[in-house]
Amino acid sequence: MVELVIVMVLVGIISAFALVQIRSARAALRVQNSVRQLASYMEKARVDAVRRHGNSIVEFTNATTYSVTMDFNLSGSATTQTFKFQDGVQLA
């Protein structure tokens with residue numbers, strides 16, 4: 001009986017440690033995905049500004065959203081779209 005209790009305690013401790021690591025990894029993935037999306041739109045805005053010989057703008061509206069003004073549909077006129085970071089991600 002004592003051995004069974006010891007094994008159950010060890011399984012509980014290992015499971016708790018694994019759960020903490022999984023949560024930490026998921027949070028890191030949310031940050032990485034948000035940064036990749038932002039970097040992608042910044043590069044697209046830069047290319048659009050060079051192509052149109054005009055301005056494209058990436059503007060942070062608050063800690064969790066940003067707006068991108070550029071020619072999204074290749075019509076020659078700039079429009080603005082707002083994007084939100086993933087849940088739990090915000091600017092410092």
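Values below: every heavy atom of this structure, side chains too, minus hydrogens, waters and symmetry copies. Predicted model only: the values in this text are computed from it and were never measured.
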(request) Tell me, with the steps shown, if T65 and N62 meet side chain to side chain contact (heavy atoms under 4.5 Å, CB included). (result) CA-CA 6 Å; T65 60; N62 61 39; 3.0 Å; yes
(message) To the nearest 0.5 Å, what is the distance between CE on M70 and CG on N55?
(response) 13.5 Å
(message) According to a hydrophobic-cluster definition based on side-chain heavy atoms being under 4.5 Å apart (Ile, Leu, Val, Met, Phe, Trp, Tyr only), do I57 and F72 belong together?
(response) no
(request) Measure the spacing between OG1 of T64 and CG of D87 and express it to the nearest 0.5 Å. (result) 9.5 Å
(message) With a 4.5 Å cut-off on side-chain heavy-atom distances among I, L, V, M, F, W and Y, is there a chain of contacts connecting L29 to F85?
(response) no
(message) Using 0.5 Å steps for rounding, measure from the OG atom of S15 to the CE atom of M8.
(response) 9.0 Å
(message) Run R52 and D48 through salt bridge (Lys or Arg N to Asp or Glu O under 4.0 Å) and show every step you take.
(response) CA-CA 6 Å; R52 291 186 308 115; D48 178 63; 3.0 Å; yes
(request) Decide whether T82 and S67 meet the rule of one side-chain donor and one side-chain acceptor closer than 3.5 Å. (result) yes
(message) With side chain to side chain contact (heavy atoms under 4.5 Å, CB included) as the criterion, how do N33 and R30 come out once you've worked through the C-alpha distance, each side chain's angles and the decisive distance to 0.1 Å?
(response) CA-CA 5 Å; N33 289 337; R30 283 193 300 272; 5.9 Å; no
(request) Give the C-alpha distance, both sets of side-chain angles, the deciding distance and a yes or no for side chain to side chain contact (heavy atoms under 4.5 Å, CB included) between V31 and Q90. (result) CA-CA 9 Å; V31 170; Q90 64 182 18; over 6 Å; no
(request) To the nearest 0.5 angstrom, please state how far the CD atom of Q86 sits from the CZ atom of R26. (result) 10.5 Å
(request) Please confirm whether the backbone N or O of A78 pairs with a side-chain atom of D71, one donor and one acceptor, at under 3.5 Å? (result) no
(message) Quick check on E3: does its CD atom have over 12 non-hydrogen neighbours (other residues, nucleotides or ligands) under 6.0 Å away?
(response) no
(message) To the nearest 0.5 Å, what is the distance between CG on L19 and OG on S24?
(response) 11.0 Å
(message) Quick check: closest heavy atoms across S56 and A49, and the distance to 0.1 Å?
(response) OG-N, 3.5 Å
(request) For side chain to side chain contact (heavy atoms under 4.5 Å, CB included), just list the numbers for V58 and M42, CA-CA rounded to whole Å, side-chain angles, deciding distance to a tenth of an Å, and then say yes or no. (result) CA-CA 7 Å; V58 176; M42 291 179 85; 4.0 Å; yes
(message) Do V9 and M1 land in one hydrophobic cluster if side-chain heavy atoms of ILVMFWY residues count as linked below 4.5 Å?
(response) no
(message) Measuring only between side-chain heavy atoms, which start at C-beta, is Q37 closer than 4.5 Å to Y66?
(response) yes
(request) Flag the pair L38 / F60 as yes when at least one side-chain heavy-atom distance between them is below 4.5 Å, and no otherwise. (result) yes
